[in-house]
There are 2 protein chains.
Amino acid sequence: MAGTGIDTGHLEELTGYLLRRATSRVMADFVQVAANHDLRPVPFSILLLVESNPGVRQGQVAEALAIKPANMVPLVNMLVERGLLRRRVGVEDRRSFELALTAAGRNVLQQCHAGIAAHEQRLFSVLSATERARLHDMLRRVIQSADNGDQQDL
Amino acid sequence: MAGTGIDTGHLEELTGYLLRRATSRVMADFVQVAANHDLRPVPFSILLLVESNPGVRQGQVAEALAIKPANMVPLVNMLVERGLLRRRVGVEDRRSFELALTAAGRNVLQQCHAGIAAHEQRLFSVLSATERARLHDMLRRVIQSADNGDQQDL
DNA sequence: TATTGTTATACTCTATAACTATA
DNA sequence: TATAGTTATAGAGTATAACAATA
């Protein structure tokens with residue numbers, strides 16, 4: 001894989017290793033793209049999820065993104081302080097917080113849109129449209145297998 | 001994706017997001033498997049690479065694994081202190097360090113082997129053998145595109 | 001002067017335990 | 001008593017800049 005060309009051995013046969021390396025490469029590029037708006041991958045995913053679910057509870061976002069509730073707190077604080085997210089005490093359950101985008105938050109996502117599309121195009125142009133569809137399908141299956149009873153051996 | 005079933009919106013169409021989530025799930029399982037030997041993903045990948053390249057220079061390992069040289073130092077220190085890795089001053093170039101596994105290091109890798117194989121089987125049993133081969137091929141292409149001149153837009 | 005590796009440091013992301021307020 | 005969110009804290013992984021020793 002590298003210029004010096006040392007033997008990658010069994011490593012290149014481990015799906016987990018290949019996933020980690022590919023993700024690392026893709027995230028590094030994403031960070032460059034979203035750097036204009038100071039948005040890292042995780043905060044960005046929160047905004048995108050809230051955009052599709054205005055008024056969603058903070059804990060629902062955490063669960064959907066596999067973020068621990070304790071880790072949501074500073075993330076949401078940051079997004080609220082930056083004026084991208086609105087956080088309101090729940091009307092039915094006053095323990096909960098309901099999240100929604102502000103106008104500024106919607107603007108930022110809209111401004112990111114073209115850059116993100118170009119980023120995906122740039123990184124995955126080595127894959128055909130069919131391959132990309134297959135990749136999405138495979139990754140979704142791997143992710144979803146966590147939500148089911150696939151812990152037999154643990 | 002979650003039990004509450006909120007709308008994942010555009011997120012599920014982003015390859016980068018799907019990669020990140022799948023990797024997170026796979027790494028979490030890997031950590032359970034290798035916990036017996038207190039080996040996290042990155043140190044494990046170093047051992048595996050050194051196994052295939054006895055006497056390799058530290059910097060070559062760093063480059064092959066996309067680890068920054070500065071971050072290699074504590075990782076190699078830890079593996080040497082635990083007696084898994086041998087670090088020797090280079091014979092031709094005394095600035096460099098040559099790495100090799102100790103007998104204990106080889107033992108640990110051998111003991112991990114079956115567990116890792118079961119881990120890959122467990123996580124990717126949702127994919128057929130053909131799909132896994134296609135996935136590997138696709139991921140390698142995405143990773144390799146970083147080593148070439150694919151920075152046109154940056 | 002360039003290269004190999006090191007030190008110091010900071011940030012993102014993830015994880016756990018103990019806590020408060022509300023249900 | 002259980003649930004939603006919080007606080008405090010720790011650790012892995014990654015990033016950069018300045019440095020020492022050797023080439």
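Residue numbering restarts at 1 for every chain, and letters A, B, ... go by the order of the sequence lines.
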### Query
What nucleic acid atoms does A:Asp93 come within less than 4.0 Å of, heavy atoms only: base, sugar-phosphate, or nothing?
sugar-phosphate

### Task
Would you classify A:Pro43 as touching base, sugar-phosphate or nothing, given that sugar-phosphate means primed atoms plus P, OP1 and OP2, and contacts are heavy atoms under 4.0 Å?
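If one applies the 4.0 Å heavy-atom cut-off, A:Pro43 turns out to touch the sugar-phosphate alone, with no base involved.
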
Tell me: [atom1] of [X] to [atom2] of [N], nearest whole Å?
{"X": "A:Met72", "N": "C:dT12", "atom1": "CE", "atom2": "P", "value": "16 Å"}
{"X": "A:Arg95", "N": "C:dT22", "atom1": "CZ", "atom2": "P", "value": "10 Å"}
{"X": "B:Glu92", "N": "C:dT4", "atom1": "CD", "atom2": "P", "value": "13 Å"}
{"X": "A:Phe97", "N": "C:dA21", "atom1": "CZ", "atom2": "P", "value": "12 Å"}
{"X": "B:Leu39", "N": "D:dG13", "atom1": "CG", "atom2": "C1'", "value": "16 Å"}
{"X": "A:Asn77", "N": "D:dG5", "atom1": "CG", "atom2": "P", "value": "13 Å"}
{"X": "A:Gln32", "N": "D:dA15", "atom1": "CD", "atom2": "P", "value": "10 Å"}
{"X": "A:Ile46", "N": "C:dT12", "atom1": "CD1", "atom2": "C1'", "value": "12 Å"}

[X] [atom1] to [Y] [atom2] distance, which is reported to the nearest 0.5 Å:
{"X": "A:Ile6", "Y": "B:Leu65", "atom1": "CD1", "atom2": "CG", "result": "7.0 Å"}
{"X": "B:Thr15", "Y": "A:Leu123", "atom1": "OG1", "atom2": "CG", "result": "9.0 Å"}
{"X": "A:Arg82", "Y": "A:Asp38", "atom1": "CZ", "atom2": "CG", "result": "5.0 Å"}

Give a yes/no on whether any side-chain N or O of [X] is located under 4.0 angstrom from OP1 or OP2 of [N].
{"X": "A:Gln58", "N": "D:dT6", "answer": "yes"}
{"X": "A:Arg87", "N": "D:dA4", "answer": "no"}
{"X": "A:Arg20", "N": "D:dT14", "answer": "yes"}
{"X": "A:Lys68", "N": "C:dT14", "answer": "no"}

### Query
Would you say the base of C:dT12 and the side-chain of A:Arg40 have a donor-acceptor pair closer than 3.5 Å?
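Answer is no: no donor-acceptor pair is held.
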
### Task
Could you tell me whether the side chain of A:Arg94 has a donor or acceptor atom within less than 3.5 Å of a complementary atom in the base of C:dT22?
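Per atom types, no contact qualifies.
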
### Message
For B:His136, I'd like to know if atom NE2 has over 12 heavy atoms of other residues, nucleotides or ligands within 6.0 Å.
### Response
yes

### Query
5'-most contact on DNA chain D: A:Ser96 or A:Pro74, nearest heavy atom basis?
A:Ser96

### Query
Nearest to the side chain of B:Ala70 - C:dA8, D:dT6, C:dC13?
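Closest nucleotide to the B:Ala70 side chain: C:dA8.
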
### Query
Choosing from D:dT14, C:dG5, D:dA17, which nucleotide comes nearest the side chain of B:Val42?
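Closest nucleotide to the B:Val42 side chain: D:dT14.
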
### Task
For residues A:Leu85 and A:Met78, determine if any side-chain heavy atom of one lies less than 4.5 Å from a side-chain heavy atom of the other.
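No, every pair of side-chain atoms sits at 4.5 Å or beyond.
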
### Message
Return whichever of B:Asn71 or A:Pro41 has its heavy-atom-nearest nucleotide of DNA chain C closer to the 5' end.
### Response
B:Asn71

